[in-house]
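Input: a single structure, listed below in structure tokens.
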There are 2 protein chains.
Amino acid sequence: MNPERRSPAAEPAADPASGPSGSRAATLHDVALQAGVSLATASRVLNGSERKVAEGFRERVERAAEALGYTPNVSAQATARGRSPVIALLVADIADPYFGQIAAGVARGADEHGLVVTISITERDPDREQRILRALRGQRPQGLILAASRADLASSPGTSPVELEAFERYGGRVVAFGEGQEVGEGRTARSVVLDNGGGAEELGRRMAALGYRTAIGIGAASGVRTSDDRLGGFARGFESGGGRMDRILRGDFRRESGAAAMTEALTEGVEPGTLVFAMSDVVALGAISAIREAGREIGADIAVCGFDDVPASGDVTPALTTVRLPLNEAGYQAFRAIVDDDWIQAALPIEVVVRASTPGLVQGR
Amino acid sequence: MNPERRSPAAEPAADPASGPSGSRAATLHDVALQAGVSLATASRVLNGSERKVAEGFRERVERAAEALGYTPNVSAQATARGRSPVIALLVADIADPYFGQIAAGVARGADEHGLVVTISITERDPDREQRILRALRGQRPQGLILAASRADLASSPGTSPVELEAFERYGGRVVAFGEGQEVGEGRTARSVVLDNGGGAEELGRRMAALGYRTAIGIGAASGVRTSDDRLGGFARGFESGGGRMDRILRGDFRRESGAAAMTEALTEGVEPGTLVFAMSDVVALGAISAIREAGREIGADIAVCGFDDVPASGDVTPALTTVRLPLNEAGYQAFRAIVDDDWIQAALPIEVVVRASTPGLVQGR
DNA sequence: TTGAAAGCGCTAACAG
DNA sequence: CTGTTAGCGCTTTCAA
């Protein structure tokens with residue numbers, strides 16, 4: 001006889017008054033015992049999919065579970081089933097509203113499916129990302145969502161694809177923001193694509209149409225995909241409308257970076273009527289503060305536009321012209337891409353939002 | 001003989017070229033086999049804490065693990081060890097910058113300790129929170145951080161404490177934002193307290209000193225702790241300085257709510273020189289937009305102040321007077337409260353930040 | 001239908 | 001120091 005590995009759950013197992021710690025959580029075993037059924041039966045009524053348990057037993061088990069406050073141990077279920085209910089989300093910085101909204105979308109989807117989302121912060125550091133990916137693999141997540149645009153995930157022939165391949169090998173699905181993420185052997189991950197290039201191009205055209213002829217770009221380091229796409233798209237559109245990109249300043253995705261870049265530009269000199277295009281609203285907000293500090297005016301003097309349409313963009317004065325991205329929806333799509341076998345990539349609507357920070361120029365030039 | 005439960009890992013187990021799915025991840029067993037050592041030894045060098053493996057074996061194991069791309073299965077480790085490496089974070093809305101910053105702080109701490117953070121969204125719905133708590137228990141997290149201020153978690157003698165008690169019973173630690181969260185049997189959870197009342201009181205005093213005499217408050221439903229504390233504190237300070245709270249409008253924590261409340265107030269009439277205190281910056285921003293839309297001016301006409309000092313508050317024009325909270329640090333503290341046995345509650349610095357949205361009144365009244 | 005028993009991948013006594 | 005061998009809590013054949 002061996003089922004008595006521990007003391008029988010007969011009495012104290014469910015006693016809520018036992019010490020804060022030390023006591024243990026009720027197990028399936030406890031429930032089965034209390035209900036007078038086998039482990040298998042208890043498992044079937046509580047967690048098994050196909051129902052085929054006599055009503056009488058089912059009731060007793062449910063009652064017992066209720067009485068004991070039983071909750072299945074997710075880790076144990078995961079080891080036994082060979083798959084865990086987690087979706088791992090990788091973002092650069094969860095405090096950044098851009099990622100915050102994406103995360104909200106992912107969480108919404110996961111919640112609908114009873115999955116848990118785990119979140120990791122890369123801080124845009126490739127090494128860090130690498131380590132995280134490795135550790136994440138240990139969770140054997142059903143899906144991995146890469147929302148953290150790293151410099152060259154796709155182009156680096158190095159380690160990353162290998163790491164991602166490992167996920168797919170055991171059946172985990174990798175979804176990336178932005179097209180073309182390799183996952184080894186020439187295969188690419190499913191991807192949620194926000195048409196950064198297209199949106200920026202349209203923005204550039206609109207700005208040119210407004211009469212702007214000279215623009216300064218503020219981006220991240222060259223090679224950072226998102227930034228490159230936006231800057232490139234903007235230049236294309238702006239130039240097609242007769243404008244010219246005067247120069248491009250480099251920094252990162254933080255507000256301070258935008259302020260620093262702008263300060264630098266102002267030092268070198270910025271003519272009235274110039275337009276500043278920052279590749280993200282957060283950076284644009286930083287640029288705006290720098291412009292103000294330099295005693296210049298936003299709008300007629302120096303116009304500014306950004307990208308993302310984070311909530312704050314509508315609140316500043318003058319309100320920021322930008323490109324609206326359906327970030328929450330994008331996060332949700334990423335989630336669907338993981339759970340739907342027949343998922344097909346849907347285009348996400350992007351929209352240019354012209355506001356007061358880029359007033360129309362009365363006279364050209 | 002039974003160790004050959006599966007086909008020996010001798011050949012294809014590690015073949016990176018095998019199909020995307022279908023193949024399985026390398027197990028400790030595979031590593032041990034390849035290294036020619038026992039499972040126990042492999043476990044010791046790879047995951048065991050106390051080192052006591054001969055250099056030769058250690059190397060062989062490490063080499064094998066490397067070659068196979070082995071990563072320990074977290075779920076299996078969790079079941080075997082009886083504790084899982086997860087910290088569960090409960091927030092109302094991850095897209096809200098308030099929670100985003102807290103989450104960043106928690107993630108920072110977790111990362112330092114190799115723990116994974118799991119995030120759940122309550123949407124401030126008590127039932128939802130209840131369900132989530134229940135499901136979360138299944139993860140047997142080492143810690144549970146309640147950052148989602150629910151209406152009356154603490155005061156409701158109902159279900160919640162019971163649910164939380166379950167966590168503590170098996171050794172999980174519960175940390176709450178805000179004091180006095182019960183976890184059953186009269187015990188309270190460790191708490192990270194942001195002195196909402198004190199900060200608001202100081203703000204109220206400062207506003208009174210600036211010459212304001214009449215204020216309108218915008219809060220969440222009565223009973224919501226955070227909101228009550230802030231509103232109450234502000235009233236105390238403001239009145240101590242000779243001001244008077246004219247009325248309090250109710251809504252929730254969203255921007256639109258602030259706009260709606262303010263619109264209502266404006267309909268009823270708001271005299272020039274009135275100060276509006278919104279219990280959160282996000283709500284204040286909504287109020288500001290409503291004031292503008294009504295054709296009134298922020299500052300000299302209707303002054304506005306908020307609470308939190310989210311990044312956007314410094315970017316709006318006029319910049320918003322508010323109370324700065326060290327949210328990232330608070331999140332980090334919450335994490336420490338979980339992992340440090342001898343954690344002691346540290347006071348978090350709160351600071352009133354007076355900006356242009358509340359210019360000094362030249363003449364009293 | 002139900003239950004016995006063999007796993008899932010890993011850890012942790014306990015002997016050698 | 002190393003290997004054997006029970007577990008951890010749950011799922012899932014496979015007979016009965």
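Chain letters run A, B, ... following the sequence lines, proteins first, then strands; residues in each count from 1.
Between the side chains of B:Tyr70 and B:Glu62, not a single donor N or O lies within less than 3.5 Å of an accepting N or O.
Minimum atom distance to the side chain of B:Asn47 is reached by C:dT11, of the listed C:dT11, D:dC8, C:dC8. Nearest to the side-chain atoms of A:Thr79 among the listed nucleotides D:dG9, D:dT2, C:dG9 stands D:dG9. Of the candidate nucleotides D:dT11, D:dG9, C:dG9, C:dG9 has the atom nearest to the side chain of B:Thr27.
At whole-Å resolution of the value, CG in B:Leu46 and C1' in C:dA12 are 16 Å apart. D:dG9 atom P lies 17 Å from atom CZ of A:Arg81, rounded to whole Å. Rounded to whole Å, atom P of C:dG9 lies 10 Å from atom NE2 of B:His29. Atoms CG (B:Asn73) and P (D:dG9) sit 17 Å apart, rounded to a whole Å. C:dG9 atom C1' lies 15 Å from atom CZ of A:Arg137, rounded to whole Å. Spacing between atom OH of A:Tyr170 and atom P of C:dG9 amounts to 14 Å, rounded to whole angstrom units. When the P atom of D:dG9 is taken as reference, atom CG of A:Leu28 falls 11 Å away, rounded to whole Å. Summarising the geometry, the separation between CG on A:Leu39 and P on C:dA4 is reported as 9 Å, rounded to the nearest angstrom.
Side-chain nitrogen and oxygen atoms of A:Thr41 include at least one within less than 4.0 Å of the OP1 or OP2 phosphate oxygen of C:dG3. Regarding contacts with the backbone of D:dT11, a side-chain N or O of A:Gln77 is found under 4.0 angstrom from either OP1 or OP2.
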* What's the verdict on side chain to side chain contact (heavy atoms under 4.5 Å, CB included) for A:Val174 and A:Leu146, showing C-alpha distance, side-chain angles and the deciding distance? -> CA-CA 8 Å; A:Val174 177; A:Leu146 300 169; 4.0 Å; yes
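Judged by a 6.0 Å distance limit and a 45° cone about the ring axis, B:Arg24 is not positioned over the six-membered ring of A:Tyr170.
Comparing A:Phe57 and B:Ser75 by the nucleotide of DNA chain C that holds the closest heavy atom to each, the one mapping nearer the 5' end is A:Phe57. Each of A:Gly36 and B:Ser43 has a nearest nucleotide on DNA chain C; the 5'-most of these lies closest to A:Gly36. Judged by closest nucleotide on DNA chain D, B:Ala54 is the one of B:Ala54 and B:Gly82 placed further toward the 5' end. Each of B:Ala80 and B:Ala40 was assigned the nucleotide of DNA chain D with the nearest heavy atom; the assignment lying further toward the 5' end belongs to B:Ala40.
The base of C:dG3 is paired with the side chain of A:Arg44 by a donor and an acceptor separated by under 3.5 Å.
Using a 4.5 Å cut-off on side-chain heavy atoms (C-beta onward), B:Gln181 and B:Thr188 make no contact.
Within the model, atoms CD of B:Glu163 and CG of B:Leu144 stand 9.5 Å from one another, a figure rounded to the nearest 0.5 Å.
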